[in-house]
Amino acid sequence: MLKKLTEDQQALIIEKATCEFAEKGYKGAGLSAIAKSAGVSVGVIYKYYADKEELFQACVRRSIDYLDEALVHAGGEGKTLPEMIRDLVHQTQTACRERPEYFRMYHQITASDDALQVKQLAEIIERPSAKAYRDTIRKAQKEGLIDGQLDSGAGAFFFDNLMMMLHYAYSCVYYKERMNIYCGKKLSVSEKKLGEQMVRFILNGLGYKGEY
C-alpha cells in the first residue's frame, strides 16, 4: 500500500509538475520526470491524479489561486485608481520574480495547438481578471476619473495585454531581452522605476484626470 503523502509532499509534486509544464509544455512534459524531480514514484502520482491532464489542471488552479491573491490585494477597499494600478503592477512584478514558472506555463499554454484545451483554459484563467478590470474601469468612468467614451471591455483587454507582457518580460528569456532592447538595461533592471513608467502609461492611456 502506498503511503499517504503529507501536504508539503503533495505541494512539491505540484511545484515540480508546474516547472516541467513550464519548461516543456503540456505535450512534452512527462510524469516520470515529474515523479523523479518530486522524489516519488509515478504510482504515487496516479494515486492523487487520474492522468497528466488532471495534474496539469491542478497546476493551473494553483497558479490561478496565487495570482488571484495578488489581484485581490491590489483591488483593496479605499484605494484610488492610481494606487490600485500601482499595487497591481508591483504585485505582478513580485509574483513574476517569486514564481516565474507560473507565467512560463501560461506562455506554453498560448502556444498549444490543442484548440479545445486552450479555449477551456482561457475561460478559467481570463474570466476573473476580465470582470475585475471591466468593473474597475466602469467605476472610474462613473466617478468621472477617466475617459467615458472608452469601452470597458476593450479597455480591460488592452490593460490585461500590458500586464501579460509584463508577466513574460520578467519570466521568459526572449521577452526579458525584448524589454532590455526597448527600455535599456538601466531601466529594465529597476522594478520600481519601470513599474512607475508603466503606471504613468496606463493612466495616461485611460485619460485619468486626477493626480498620481
Side-chain angles (χ1 to χ4, degrees), residues 15-16 18-26 28-29 59-60 62-75 79-113 118 121-122 124-130 132-134 136-137 140 146-147 150 153-208 212:
E15 179 183 338
K16 296 302 183 181
T18 299
C19 290
E20 177 78 359
F21 288 125
E23 180 182 350
K24 300 178 181 177
Y26 178 77
C59 293
V60 171
R62 177 65 194 96
S63 63
I64 290 173
D65 288 344
Y66 178 81
L67 297 175
D68 281 349
E69 291 172 10
L71 190 62
V72 169
H73 176 82
K79 291 182 179 179
T80 64
L81 183 63
E83 288 173 339
M84 189 206 74
I85 293 175
R86 186 170 285 110
D87 279 357
L88 184 57
V89 170
H90 173 70
Q91 290 290 326
T92 296
Q93 290 173 312
T94 301
C96 291
R97 184 176 64 252
E98 292 179 348
R99 304 310 302 259
E101 66 274 16
Y102 288 163
F103 302 98
R104 288 198 296 269
M105 182 172 66
Y106 289 150
H107 190 248
Q108 291 283 5
I109 290 171
T110 63
S112 172
D113 57 2
V118 169
L121 290 172
I124 295 169
I125 294 169
E126 303 292 347
R127 191 163 293 281
S129 297
Y133 296 155
R134 280 198 306 267
T136 297
I137 289 173
I146 64 173
D147 181 4
L150 176 67
F157 176 65
F158 298 142
F159 177 77
D160 192 62
N161 284 346
L162 290 173
M163 297 306 298
M164 184 170 66
M165 292 310 301
L166 188 64
H167 294 165
Y168 294 160
Y170 280 105
S171 56
C172 300
V173 174
Y174 178 89
Y175 290 102
K176 201 174 286 186
E177 185 57 30
R178 181 176 181 269
M179 178 170 63
N180 289 336
I181 292 170
Y182 277 87
C183 301
K185 289 188 177 181
K186 186 175 180 180
L187 178 59
S188 63
V189 298
S190 174
E191 286 187 13
K192 184 176 181 180
K193 289 181 180 179
L194 187 66
E196 283 301 316
Q197 289 299 310
M198 185 168 185
V199 171
R200 179 177 293 275
F201 182 83
I202 291 169
L203 289 172
N204 284 334
L206 290 171
Y208 183 69
Y212 58 86

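Just so it is clear, the model here is predicted, and its values are computed rather than measured. Along the sequence shown, residues are numbered consecutively beginning with 1.
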| Just wondering, are more than 12 heavy atoms of other shown residues or ligands nearer than 6.0 Å to CZ in Phe201? |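 No.
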
| field | Greater than 12 external heavy atoms within 6.0 Å of Arg134's CZ | value | yes

| request: Would you please test Tyr26 and Gln108 for side chain to side chain contact (heavy atoms under 4.5 Å, CB included) and show each step? | output: CA-CA 8 Å; Tyr26 178 77; Gln108 291 283 5; over 6 Å; no

To check you understand the geometry: which heavy-atom pair defines the closest contact between [X] and [Y], and what is its length?
| X | Y | result |
| --- | --- | --- |
| Gly28 | Glu20 | O-OE2, 4.3 Å |
| Ile109 | Val118 | O-CG2, 3.7 Å |
| Leu81 | Ala140 | CD2-CB, 4.1 Å |

| Glu191: salt bridge (Lys or Arg N to Asp or Glu O under 4.0 Å) partners, not counting sequence neighbours | Arg97

| said: According to salt bridge (Lys or Arg N to Asp or Glu O under 4.0 Å), who are the partners of Glu23, at least two apart in sequence or on a separate chain? | reply: none

Report the residues that fulfil ring-ring contact (aromatic ring centres under 6.0 Å, His included) with [X], sequence neighbours left out, ordered by chain and then residue number.
| X | answer |
| --- | --- |
| His107 | Tyr168, Tyr175 |
| Phe157 | none |
| Phe103 | His167 |

Qualifying residues under side chain to side chain contact (heavy atoms under 4.5 Å, CB included), relative to [X], sequence neighbours excluded:
| X | value |
| --- | --- |
| Ala154 | Asp151, Phe158 |
| Asp65 | Arg62 |
| Glu101 | Thr18, Cys19, Ala22, Arg99, Arg104 |
| Ala132 | Leu71 |

Rounded to the nearest 0.5 Å, what's the gap from [atom1] on [X] to [atom2] on [Y]? Could you check?
| X | Y | atom1 | atom2 | value |
| --- | --- | --- | --- | --- |
| Thr92 | Leu162 | OG1 | CG | 11.0 Å |
| Tyr133 | Glu126 | OH | CD | 9.0 Å |
| Leu88 | Gln93 | CG | CD | 10.0 Å |
| Tyr212 | Ile85 | OH | CD1 | 10.5 Å |
| Ile202 | Ile146 | CD1 | CD1 | 12.0 Å |
| Lys16 | Cys59 | NZ | SG | 12.5 Å |

| Can you check whether Leu187's main-chain N or O pairs, donor with acceptor, with Ser190's side chain at less than 3.5 Å? | no

| query | Restricting to pairs with a member in residues 157-178, which pass salt bridge (Lys or Arg N to Asp or Glu O under 4.0 Å), not counting sequence neighbours? | reply |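 For residues 157-178, and leaving out neighbouring residues, there are no salt bridge (Lys or Arg N to Asp or Glu O under 4.0 Å) pairs at all.
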
| task | Could I get the full list of side chain to side chain donor-acceptor pair (under 3.5 Å) partners for Tyr208, not counting sequence neighbours? | result | none

| side chain to side chain donor-acceptor pair (under 3.5 Å) with Tyr102: which residues, sequence neighbours excluded? |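 Residues passing side chain to side chain donor-acceptor pair (under 3.5 Å) with Tyr102: none at all.
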
| Between Met198 and Leu194, is a side chain to side chain contact (heavy atoms under 4.5 Å, CB included) present by the stated rule, with each step listed? | CA-CA 6 Å; Met198 185 168 185; Leu194 187 66; 5.9 Å; no

| said: For Ser171 and Tyr106, which I'm curious about, is there any donor-acceptor pair between the side chains at under 3.5 Å? | reply: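 There is no such pair (donor and acceptor under 3.5 Å, judged by atom type) between the side chains of Ser171 and Tyr106.
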
| task | Could you walk me through whether Lys192 and His90 pass the side chain to side chain contact (heavy atoms under 4.5 Å, CB included) test, one step at a time? | result | CA-CA 8 Å; Lys192 184 176 181 180; His90 173 70; over 6 Å; no

| said: What verdict does the side chain to side chain contact (heavy atoms under 4.5 Å, CB included) test give for Phe159 and Thr136, after you've listed the backbone C-alpha separation in whole Å, the side-chain angles of each residue and the deciding distance to 0.1 Å? | reply: CA-CA 11 Å; Phe159 177 77; Thr136 297; over 6 Å; no

| said: Is the shortest side-chain heavy-atom distance between Cys96 and Leu166 below 4.5 Å? | reply: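 Result no, sub-4.5 Å side-chain heavy-atom pair not found.
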
